[in-house]
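Read through the structure below, which is laid out as structure tokens, and then see the notes.
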Amino acid sequence: MRLFDTLTRETRELQPADGKTFGFYCCGPTVYGPAHIGNFRSFVLQDVLRRVLEVGGMRTKHVRNITDVDDKTICDSQAAGMPLTNFTTQWTERFHEDCRKLNCLPPHVEPSAVAHLPEQIAMIEALIEKGHAYASDDGSVYFRISSFSEYGRLARLDRQDLELGRTQNQRANADEYEKDSICDFVLWKARRREDGENFWPSPWGEGRPGWHLECSAMSLKYLGETFDMHSGGEDLKFPHHENEIAQSRCACDGQFALSWFHPTFLLVDGAKMSKSLKNLYTLDDLEKKGFTAAECRYVLVSAHYRKQLNFTFDSLHAAKEALGKLARAERELARAAGQEGAPSYKSLCGLEDFGVFAPAFVALNDDLNTAEALGQLFVGLRTATSEGGAGPNWRGLHAILAALGLILPGVAVVKAPPEAVALAEKRQEAREGKDWAAADRLRDELKELGWVVKDLREGYELEPV
RNA sequence: GGCGGCGUAGCCAAGUGGCCUAAGGCGACGGUUUGCAAAACCGUUAUUCGGCGGUUCGAAUCCGCCCGCCGCCUCCA
């Protein structure tokens with residue numbers, strides 16, 4: 001597939017450098033609370049990228065870290081009166097649960113930052129040895145950005161401006177830093193009283209790693225000095241990814257990530273999500289409003305990844321309707337093809353004949369155009385049962401759904417309780433006796449119980465309101 | 001101040017030089033169906049792409065200016 005590389009700003013064909021497995025690293029969540037739908041835009045799009053590669057027949061190795069030691073996790077675990085590990089474990093489990101609901105494939109490796117301290121310390125040692133880092137009097141270690149000429153390339157920031165503190169926020173925060181240059185960043189943070197029990201030994205004294213370091217150390221361990229792709233939300237470009245590049249390129253001889261994939265921010269009601277605007281939603285919040293994770297995922301893939309996506313409840317409603325339409329069309333196509341259920345994900349990887357849905361897969365392979373692919377999905381459905389073989393079309397449809405990671409709603413997700421079924425049966429009898437008044441009354445009663453009765457050609461169907 | 005992006009129908013959103021009198025979804029409206037509804041199904045819904053100029057045989061697509069919106073510049077997916 002072809003994909004835009006954020007570093008070089010070129011659209012290039014993605015090929016594994018080793019000719020076998022496409023290795024990519026994604027910056028994972030900081031586990032100090034539930035992830036919100038903005039976080040999930042990145043994780044879902046990374047998942048779609050992986051799925052498109054795999055459905056296209058490529059092997060992948062997906063590494064995504066868990067940030068379980070940093071300012072926020074330490075601060076919030078103490079506020080909660082819990083040991084750091086217990087605190088982060090609870091939120092890691094919640095993250096996994098949300099990912100499962102969103103139908104995200106688990107990464108092949110999901111390393112924890114706190115479990116990789118030796119690797120991080122080793123990288124700092126290498127950086128000091130090569131003259132790219134220095135220890136300060138208090139036992140912290142900093143990276144010297146003046147030692148890396150390419151610093152600022154990814155974010156397109158001028159290194160001189162950074163070094164001279166010319167950018168907006170640096171002027172305000174200048175006094176907070178005790179280091180040689182204002183923009184040098186911390187690799188190892190000396191132990192402070194407010195860290196409580198959360199400190200570890202190092203050659204520079206007790207302390208903890210800076211948060212940029214973990215991704216460099218763990219990508220090196222699991223993917224090597226040079227690997228195919230690195231991804232994270234656009235806000236991580238600077239400083240996080242810029243710092244990672246500096247660390248990894250200076251500590252090792254490899255090229256680090258060969259390409260970069262940065263999904264753009266999610267907006268809610270036209271504005272960046274924030275607690276103060278009360279537009280920050282978790283999956284749980286959406287579920288309480290009656291929307292499923294599958295519907296959320298549909299919205300998250302409904303726009304191109306390089307465009308800001310405006311998330312609204314109208315779009316969630318549209319997603320619900322669209323998924324229902326897809327599900328009905330799939331059942332019709334399955335009948336025409338004489339198929340039941342869904343083919344396994346594995347059986348769809350490497351599929352060659354997408355039938356009438358070929359244009360949808362072309363769109364996905366063209367810079368991950370998920371919006372175009374969804375459009376082509378519906379275009380294909382108009383002719384899927386009539387044109388060509390229903391069998392290949394049915395498999396092609398499922399391959400596109402698998403690539404997007406969409407789950408279609410089943411016919412009876414929730415079973416109606418016996419009392420609702422009893423009312424529905426009574427209404428059916430009344431209808432057959434043409435007692436319309438009684439039938440309408442029973443319909444109202446069912447509605448009060450929380451069920452809507454839908455009359456079919458033969459019989460009826462109950463759905464929750 | 002520096003960097004990046006966006007503006008396409010009521011809403012969401014593809015398309016980035018000719019197949020575009022602009023895909024698709026939602027909504028709305030009309031019809032079929034129905035005891036009536038709901039659901040479902042079928043159809044209609046932008047001669048036009050923020051504004052004004054320019055380049056071109058040809059522009060939503062390229063260039064210039066203007067207007068409006070958003071993001072990043074060391075907490076951030």
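Below, chains carry the letters A, B, ... as their sequence lines are ordered, and counting in each starts from 1. No experiment lies behind these values; they were computed from the predicted model shown.
Not counting sequence neighbours, the partners of A:F143 by the ring pair (Phe, Tyr, Trp, His ring centres under 6.0 Å) test are A:F185. Partners of A:E429 by side-chain contact (heavy atoms from CB on, under 4.5 Å), not counting sequence neighbours: none found.
In this structure, the nucleotide among B:rG5, B:rC73, B:rC70 sitting nearest to the side chain of A:L157 is B:rC73. Here the nucleotide nearest the side chain of A:W436, chosen from B:rG7, B:rA77, B:rG35, is B:rG35. Of the candidate nucleotides B:rC72, B:rG4, B:rA14, B:rG4 has the atom lying nearest to any side-chain atom of A:R156. Closest to the side chain of A:F265, out of B:rC12, B:rG5, B:rA77, is B:rA77. Side chain of A:K72, nearest nucleotide from B:rC75, B:rA77, B:rU8: B:rC75. Among B:rA14, B:rC73, B:rA77, the nucleotide with an atom closest to any side-chain atom of A:T30 is B:rA77.
Across the interface with RNA chain B, nearest-nucleotide mapping of A:A155 and A:M273 shows A:A155 to be the residue nearer the 5′ end. Comparing A:R41 and A:A371 along RNA chain B, the residue whose closest nucleotide (by nearest heavy atom) sits nearer the 5' end is A:A371.
Taking the six-membered ring for Trp and thresholds of 30 and 60 degrees, A:H62 and A:H108 have ring planes more than 60 degrees apart, a perpendicular arrangement.
Across every strand in view, B:rC49 sits unpaired, with no contact that passes the Watson-Crick or G-U test at under 3.5 angstrom. The base-pairing partner of B:rC41, taking Watson-Crick or G-U wobble contacts with both distances under 3.5 Å, is B:rG31. Base pairing of B:rG71 is made with B:rC3, judged by Watson-Crick or G-U wobble geometry with both donor-acceptor distances under 3.5 Å. Pair assignment for B:rC36 gives none, since no Watson-Crick or G-U wobble pairing has each distance under 3.5 Å. Pair assignment for B:rC26: B:rG10, on the basis of Watson-Crick or G-U wobble contacts that are both within less than 3.5 Å. Of the nucleotides present, B:rC57 is the one that pairs with B:rG18 by Watson-Crick or G-U wobble criteria, both distances under 3.5 Å.
Using a 4.0 Å heavy-atom criterion, one finds that A:N369 contacts the sugar-phosphate atoms exclusively. Residue contacts for A:G232: at a heavy-atom cut-off of 4.0 Å it reaches the sugar-phosphate backbone alone, with no base atom in range. Among the heavy atoms of the strands lying under 4.0 Å from A:N310 are primed sugar atoms or P, OP1, OP2 only; no base atom is included. Nucleic acid contact for A:L266: base, since at least one base atom lies under 4.0 Å from a heavy atom of the residue. In this structure, A:R9 reaches the sugar-phosphate backbone alone: every heavy-atom distance under 4.0 Å involves primed, P, OP1 or OP2 atoms, never a base.
Note: A:F291 and A:Y298 fail the aromatic proximity criterion, with ring centroids not under 6.0 Å apart. The ring of A:F313 has its center closer than 6.0 angstrom to the ring center of A:Y281. Ring-centre distance between A:H116 and A:Y222: below the 6.0 Å cut-off.
When rounded to the nearest whole Å, the span between CG of A:L381 and P of B:rC41 equals 11 Å.
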Within the 4.0 Å limit for protein heavy atoms, which parts of nucleotides 24-30 of chain B are touched? Write it as a string from 5' to 3', B for base, S for sugar-phosphate only, - for none.
SSSS---
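Taking CG of A:L187 as the reference point, atom CE of A:M123 lies at 10.0 Å (rounded to 0.5 Å).
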Using salt bridge (Lys or Arg N to Asp or Glu O under 4.0 Å), reason through A:R192 and A:D195 one step at a time and then give a plain yes or no.
CA-CA 6 Å; A:R192 298 174 307 173; A:D195 293 339; 3.2 Å; yes
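To the nearest whole angstrom, the two P atoms, one in B:rA22 and one in B:rG50, are 16 Å apart. The same atom, P, is picked in B:rU45 and in B:rA38; the two are 24 Å apart, to the nearest Å. B:rG15 and B:rA77 have their P atoms separated by 28 Å, given to the nearest Å. Comparing B:rU47 with B:rG54, their P atoms sit 24 Å apart, to the nearest whole Å.
For B:rA38, its base never sits under 3.5 Å from the side chain of A:R443 at any donor and acceptor pair. Side-chain atoms of A:D455 come within donor-acceptor range of the base of B:rA37, with a qualifying N/O pair under 3.5 Å.
The neighbour count for A:K426 NZ, taken as heavy atoms of other residues, nucleotides or ligands under 6.0 Å away, does not exceed 12.
One finds no side-chain N or O of A:R427 lying less than 4.0 angstrom from the OP1 or OP2 phosphate oxygen of B:rA38.
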